[in-house]
There are 2 protein chains.
Amino acid sequence: MPNRKAATPITLAVVKTACSNCNLHELCLPLGLSHAEIEKLDEVVSARHRIKRGEHLYRAGETFNSIYAVRSGFFKTDVLLEDGREQVTGFQMTGELLGLDGISTEAHSCNAVALEDSEVCAIPFSHLEGLSREIQTLQHHFHKVMSREIVRDHGVMMLLGTMRAEERLAAFLLNLSQRFTARGYSPAEFYLRMTREEIGSYLGLKLETVSRAFSRFQEEGLIAVQQKHVRILDIVKLKQLMSHHHRE
Amino acid sequence: MPNRKAATPITLAVVKTACSNCNLHELCLPLGLSHAEIEKLDEVVSARHRIKRGEHLYRAGETFNSIYAVRSGFFKTDVLLEDGREQVTGFQMTGELLGLDGISTEAHSCNAVALEDSEVCAIPFSHLEGLSREIQTLQHHFHKVMSREIVRDHGVMMLLGTMRAEERLAAFLLNLSQRFTARGYSPAEFYLRMTREEIGSYLGLKLETVSRAFSRFQEEGLIAVQQKHVRILDIVKLKQLMSHHHRE
DNA sequence: CTCGCACGTTGACTTGGATCAAAGGGGCAC
DNA sequence: GTGCCCCTTTGATCCAAGTCAACGTGCGAG
């Protein structure tokens, strides 16, 4: 029961971020914190930024200062090779953190691009470290988030290293479905924010292969797809696709 | 209590670890700590374990309690799919940490296997968190290590997602060379501890493809390879291999 | 030391996904 | 509203790596 609402009247001069007013508690950094602890976190989370579709939140090589929590919208992160080859390393949605890769060298090691108009909360990393020396729950949760990123990356390595094209796309769709569900959206129907080429880059496939796999899934009645709109029709078969090896 | 060089081969009582006596300072967790701080870390690093070649340090699904620092030896980590497909997610050598993936769910998410007789220092994770609330340098360095793991994984995703077989093997050899160098070994000559199949699993290739790529490199005078012994003859060309896209 | 078997190499053939090409269609800027 | 360009789909062909097979070989268990 926050009584601070009454304390701050209508004055909205500064659009200060406030984790305590944010409905992303259960997805984002404040998970498990007491109300008093969240208010401490409020002081650390400096500001909210708006990023328009197509704009960079940060670029590889830039100095690392803050990590970012996605308040609303959708991002991709990617790495570029000198010869222009691109690997999308992840897609980030509401409540997920961006910039963890920058801690190691104090410079961002990838690009973060908004795939739709988005808002992020910037969290100066040194402040976060300070606060997590005070609040054990915050420290532990932050470690879990970093570790989860490592586990996620291992999952992608498994996908890229051992799966066939259709398995990869099935895994991708099921992962999206599960993350939309966790955010209160439909598990079976969603809009993709990324192009076929970006999906392909993430999955280690060419855009034509992604497109063909979508068509095949549709032919077989697993999904209904029209451009970026996807409806999952047979989630069971989609899951089975991944557990069968290629030869039956 | 030091001077355990003449370790009796029969009594394998767990030897007390001491970071302060360990020559891995500059690679391992104590990096940047003062002498007094390292002594605090000594109290936390509970014990050293010997792991014989082929034995598991931990298995996917086991409860997570500690992370491990490789004191000597060589490990691989891998993830298994239900249908038996395996993805090697990494190779760990002296001074590197194992088990970071277990923090997120409090259970290990992969298997860690010794590729040669090895020793590890177990670091109970809750103690490490406790100490890193006290010692800012330790906290920050631990965060850097986790972040470095994420960056490394992104590198592997790039490799798996965009590179051709020979580029992958070149990247792999150069990475090993660089890590051996950092440990004071020759940058140009080393023994592989893993089989062609394990290399293949890590690189998303079949063992025959790995073998053929080795042979090709040898034909072209880039390396001399005989079984697990590798000598790099032309590091410049090996690096060039990676920056050219497939078509010239 | 030596014997057996796991590991490695090489060849012939197959194939899944890449490449090249061409033709819609839909969303966004104006 | 409308026009253009990017995104997507689909077809035809190619090729890098996978698969299948057979034969070496060197290491470590005994």
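Letters go in sequence order (proteins before strands), and every chain restarts at 1.
The end-to-end axis angle of the helix from C:dC1-D:dG30 to C:dC30-D:dG1, rounded to 10 degrees and based on five pairs per end, is 70°.
Of the residues in residues 207-222 of chain B, those lying under 4.0 Å from DNA chain C by heavy-atom distance are B:L207, B:E208, B:S211, B:R212, B:S215.
Look at CD on A:E197: it is 11 Å from C1' on D:dC6, rounded to the nearest Å. When the P atom of C:dT15 is taken as reference, atom CZ of A:R164 falls 11 Å away, rounded to whole Å. At whole-Å resolution of the value, CG in B:L160 and C1' in D:dA16 are 16 Å apart. When rounded to the nearest whole Å, the span between NZ of B:K206 and P of C:dC7 equals 16 Å. The nearest whole Å value for the distance from the CE atom in B:M194 to the P atom in D:dC27 is 17 Å. Between B:L159 atom CG and D:dA17 atom P the separation is 12 Å, expressed in whole Å. Nucleotide D:dT9 holds its P atom 9 Å from the CD1 atom of A:I223, rounded to whole Å. Rounded to whole Å, the distance from NZ on B:K52 to P on D:dA29 is 10 Å.
Heavy atoms of B:G200 sit nowhere under 4.0 angstrom from any nucleic acid atom.
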Self-check item: Heavy-atom protein contacts under 4.0 Å, nucleotides 22-30 of chain C, coded B base, S sugar-phosphate only, - none
Solution: ------S--

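The number of heavy atoms from other shown groups lying within 6.0 Å of OH (B:Y185) does not exceed 12.
In terms of the side-chain hydrogen bond (donor to acceptor under 3.5 Å, both in side chains) criterion, residue partners of A:R59 (sequence neighbours excluded) are, by chain and number, A:H56. Listed by chain and residue number, A:H108, A:F125 satisfy the ring pair (Phe, Tyr, Trp, His ring centres under 6.0 Å) test with A:F64 (two or more places apart in sequence, or in another chain). By the side-chain hydrogen bond (donor to acceptor under 3.5 Å, both in side chains) test, B:E220 is found to be paired with B:R216, residues two or more places apart in sequence or in another chain being considered. Residues passing the side chain to side chain contact (heavy atoms under 4.5 Å, CB included) test with B:A165 are B:L205, B:T209, sequence neighbours excluded. Under the rule for a side-chain hydrogen bond (donor to acceptor under 3.5 Å, both in side chains), the partners of B:E116 that lie at least two apart in sequence or sit in another chain are B:R193. Scored by the ring pair (Phe, Tyr, Trp, His ring centres under 6.0 Å) test, B:Y191 finds B:H229 as partners (sequence neighbours excluded). For B:S186, the side chain to side chain contact (heavy atoms under 4.5 Å, CB included) partners at least two apart in sequence or on another chain are B:A188, B:E189.
For residues 173-182 of chain B, the pairs satisfying salt bridge (charged side-chain N to carboxylate O under 4.0 Å, His left out) are B:E96-B:R179, with sequence neighbours left out.
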Do any side-chain atoms of residues 151-160 of chain A form donor-acceptor pairs under 3.5 angstrom with protein atoms, and if so which ones, sequence neighbours left out?
| residue | atom | partner | partner atom | Å |
| --- | --- | --- | --- | --- |
| A:R152 | NH1 | A:Y202 | OH | 3.2 |
| A:R152 | NH2 | A:T89 | O | 3.1 |
| A:R152 | NH2 | A:E149 | OE2 | 3.2 |

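A sub-4.0 Å separation between OP1 or OP2 of C:dC7 and a side-chain N or O of B:K228 is absent.
Side-chain proximity of A:R196 to the nucleotides D:dT8, C:dC7, D:dA17 is greatest for D:dT8.
Although no hydrogens or angles enter the test, the distance criterion places a donor-acceptor pair under 3.5 Å between the side chain of B:S177 and the main chain of B:P187.
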